[in-house]
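To start, the structure under review is shown below, and the notes come after it.
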Amino acid sequence: MSSDTRPPAAATGADGKGPDAVGPDAVAPVGRAGHDAAGPRSAGPTARATTRGGGIRTHGGRGQVDVDWDTVPGAAGYLVHRRDGDGPYRVVDHRGGDLLAVPGPPYADTTVEPGRSVRYAVRPVYDPDRPDLGPLGPGSAPVAAYADGDAVVEVDVDAARPAGPVQRPWRDMIGSEHLSLLLSRDRVGGEPMGAGLAAALSRVHRELGVRLVRAHGILGDDLGVYREVDGRPVHDFAAIDAVLDALAPTGLRPVLELSFVPRALARDPSREVTAAGVSSPPKDWDRWAALVGDLIRHLRARVGDAELRRWAVEVWNEPDLDCFWTGTREEYLRMYDVTARAVREACPGLPVGGPATAATKWIEPFLDHVDASGAPLDFLSTHVYGSPPLDLRPALERHGRAGTPLLWTEWGPSPTHFAPVNDSVLSAAFVATGMRAAAGRVDALACWVASDHFEELGRPPALVHGGFGLLSVGNLAKPRFWALWMLEQLGEVELPARLTGDGADTLVRVWPSMDPETGRVAAVAWNGTLDQSVLDRPEQRRRLDRTVRMALGGLDRGAYELRHRRLDDQTSNLAATARRLGVDGWPTEEQWIALRTTDTLAEAEPPVTVTPDDGRLTLTLTLPMPSLSLLELTPR
């Protein structure tokens, strides 16, 4: 579970040192597949030219500098450093509040001041616990962003060359508050919390295709699973059964997060996470193993082997944070071994994994440990906020575990509850960028959480409050929900796309697709940055607006219906709609009615009929910073 008690990450990897730039100030454009720098460029001074130094390439654009580099075998990610003037190299802080590394190039630095000459260098990250150990690469030649001028991105899509199935990492899992909340009749915003959470879980299953929900804190005292009578353990799973009965109608299956230690079994009962559980290790490891084993055997008898094996078990939640685990790392590793073996003995086919750490921590020590202990590991799980998930496949390969599923069981724009970014359209572009980066290499990227019905860090005080949910109290779609909804409308096969121009594949991204049976083409295009400071810099946001010209080739002859739906600061944005309606705190009954009437992804313009010219159609659209567009061409 996310917590705003994490240490700041702004200094991660910054050593204050770095090489001077090498190479000339400006050379011919250099690009990568899918991010070719040879597209249209604005004429102008060196500040607008593409520069190259060693394995790094930079390009100054309107409001940003694009940074590209050669990837390094074995790296999980990279820290982008910038040198301002004669100062030291420092990590570019996009204010994600967590690990600042990104999984790979390219990267848009929108924190840079236009007109200021800067240099860049990139540090590969091999172990997220020690991100500053990798060598800082060579510096770039001087480069600068500029404040004005044309900013166009050209997109070329070929509908005649399918590139493989669309991967959908959002479908595998969603996060949730303690599922015991499904039994709550307390009212928040006029709505029973249990019924509201159930409605949200049903909606993410129905509209986003999600299969699993992470059952946070399933062994907490709020479900009364453990007590001692005359010094002897008593296990009671009746409340867990009631939770699972309430979950079943939503269509979601649980990932059982086995935490926290029941107070009666804790070594130090005073170390509360919340009133629902204790962060202390157990006082008796055998009794803990017996509790876990009895629970799994109980569920096996209740739902049967075939059903139970479609669930999963995750051992604990963020044990690297002392708010969730007050033992040592070695004690967590013992917790993992004891728990995983108890699960395996009780149901051999039920997947079990961990370490469920925050900010991608403990991955190498955890893999070293299970290599030595022989404890079962069916999937590797961890969390990160504020950046796309790193690439942990090299770590698995180093440990002889290539192909082990990677489950990011918590992920989102911010680890902080009540953060304004959580309700912003910028967070929707962040979700689209992360899912695109994860597609094909991550098995599950679970947004935290489904619903604003949440109480671990404080119940919602108002309709719009910076909550973690994709859906508000009242089950209204927030921008991140609409981002996933747009991606879910993609067709079955991906189409190749070539992007060129100012901010191509760094600010502006496009995910095109097609349904081969019907010929329907669907593409999601968005404009976004990882830099959360743009929320407070309206002038900079305007610089980052982009015009997109999308050429669709390889289309069948005949007419199509073109439909364009839009999410931006003023369109399909719950926070903006609530402001327009004058919502102050919680809506009135009349305001609830109006909000539900507008709970839809709006049309940017009415659908029209278009006819490709020799199988080719060109569309022009504006993408403000931030915004997302869903374009659909359906044969008539």
Side-chain angles (χ1 to χ4, degrees), residues 151-159 166 207-208 425-426 428-429 431-433 435-436 477-499 501 503-505 507-515 518-528 541 544-556 558-574 576-577 597-613 615-636:
V152 179
V153 174
E154 306 279 354
V155 182
D156 196 356
V157 177
D158 189 349
V166 170
E207 297 187 31
L208 305 182
V425 176
L426 188 70
V431 164
T433 297
M435 291 297 173
R436 189 72 177 97
K478 294 162 63 175
R480 283 177 291 141
F481 180 91
W482 286 130
L484 294 175
W485 191 92
M486 288 186 185
L487 296 180
E488 182 62 12
Q489 309 313 304
L490 294 175
E492 291 303 310
V493 299
E494 190 169 321
L495 298 177
R498 174 183 169 88
L499 278 68
D505 272 334
L507 300 176
V508 173
R509 293 174 170 87
V510 177
W511 197 341
S513 68
M514 187 176 191
D515 284 319
T518 65
R520 170 183 166 270
V521 174
V524 180
W526 64 95
N527 185 9
R541 287 218 309 272
L544 298 174
D545 293 348
R546 290 298 182 266
T547 298
V548 175
R549 289 196 289 262
M550 184 182 304
L552 297 159
L555 297 171
D556 291 337
Y560 289 78
E561 180 188 71
L562 170 63
R563 190 175 188 187
H564 177 194
R565 284 177 277 190
R566 165 61 67 83
L567 170 67
D568 59 38
D569 280 342
Q570 300 304 317
T571 309
S572 311
N573 180 3
L574 176 61
T577 303
T597 300
T598 59
D599 186 32
T600 186
L601 187 62
E603 304 279 358
E605 54 260 333
V608 296
T609 299
V610 296
T611 303
D613 183 7
R616 192 170 181 84
L617 185 68
T618 299
L619 308 174
T620 301
L621 62 153
T622 58
L623 283 180
M625 170 61 71
S627 61
L628 298 89
S629 282
L630 170 63
L631 300 166
E632 295 174 280
L633 282 172
T634 304
R636 295 187 67 88

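For the single chain, residues carry numbers from 1 onward in sequence order.
The side chain to side chain contact (heavy atoms under 4.5 Å, CB included) with Arg520 is formed by just one residue from the set Glu492, Glu561, Gln489; it is Gln489. Of the candidates Arg563, His564, Arg565, His564 is the only one forming a side chain to side chain contact (heavy atoms under 4.5 Å, CB included) with Glu605. Tested against Val548, the residues Val155, Thr622, Val152 include a single side chain to side chain contact (heavy atoms under 4.5 Å, CB included) partner, Val155.
Summarising the geometry, atom CG belonging to Leu544 is positioned 12.0 Å from atom CG belonging to Leu623; distances are rounded to the nearest 0.5 Å. Arg498 contributes atom CZ, which lies 12.5 Å from atom CG of Asp158 (distance to the nearest 0.5 angstrom). Between atom CE of residue Met550 and atom OG1 of residue Thr620 there is a gap of 10.0 Å, rounded to the nearest 0.5 Å. Here the CZ-CG distance, from Arg566 to Leu601, works out to 10.0 Å after rounding to the nearest 0.5 Å. Interatomic distance, Trp511 CH2 to Leu490 CG, rounded to the nearest 0.5 Å: 6.5 Å. The CG atom of Leu552 sits 8.0 Å away from the CG atom of Leu631 when rounded to the nearest 0.5 Å.
Asp545 contributes a side-chain N or O that, together with a main-chain N or O of Met625, makes up a donor-acceptor pair within less than 3.5 Å. Between the side chain of Ser572 and the backbone N or O of Ala602 there is at least one donor-acceptor pair closer than 3.5 Å. At distances below 3.5 Å, not a single donor-acceptor pair connects side-chain atoms of Ser629 with backbone N or O atoms of Ala525. Counting only distance, with no hydrogens or angles, the side chain of Thr571 and the backbone of Asp568 share no donor-acceptor pair below 3.5 Å. A donor-acceptor pair under 3.5 Å is formed between the side chain of Asp599 and the backbone N or O of Ala477.
Closest approach of Gly519 to Tyr560, counting heavy atoms only: O-CE2, 4.0 Å. Smallest separation of non-hydrogen atoms from Ala429 and Gly528: CB-CA, 3.8 Å. Nearest heavy-atom pair across Gly554 and Ala159 is O-CB, 3.8 Å. Taking every heavy atom of both residues into account, Pro479 and Asn573 meet most closely at CG-OD1, 3.6 Å. Residues Thr609 and Ala559 come closest through the heavy atom pair CG2-CB, 3.8 Å. Taking each heavy atom of Gly491 and Val166 in turn, the nearest pair found is O-CG2, 3.3 Å.
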Next item on the list: Check the pair Leu628 / Trp482 against side-chain contact (heavy atoms from CB on, under 4.5 Å), numbers first and verdict last.
Entry: CA-CA 9 Å; Leu628 298 89; Trp482 286 130; over 6 Å; no
Notebook entry, point to check: Val153 and Val510: side-chain contact (heavy atoms from CB on, under 4.5 Å), yes or no, with the steps?
Noted result: CA-CA 11 Å; Val153 174; Val510 177; over 6 Å; no
Next item on the list: Walk me through it: do Leu630 and Trp485 pass the test side-chain contact (heavy atoms from CB on, under 4.5 Å)?
Entry: CA-CA 10 Å; Leu630 170 63; Trp485 191 92; 4.0 Å; yes
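By the 4.5 Å heavy-atom criterion applied to side chains, Asp156 and Glu154 are not counted as neighbours. In this structure, Leu208 and Phe481 have side chains that are in contact, with non-hydrogen atoms separated by less than 4.5 Å.
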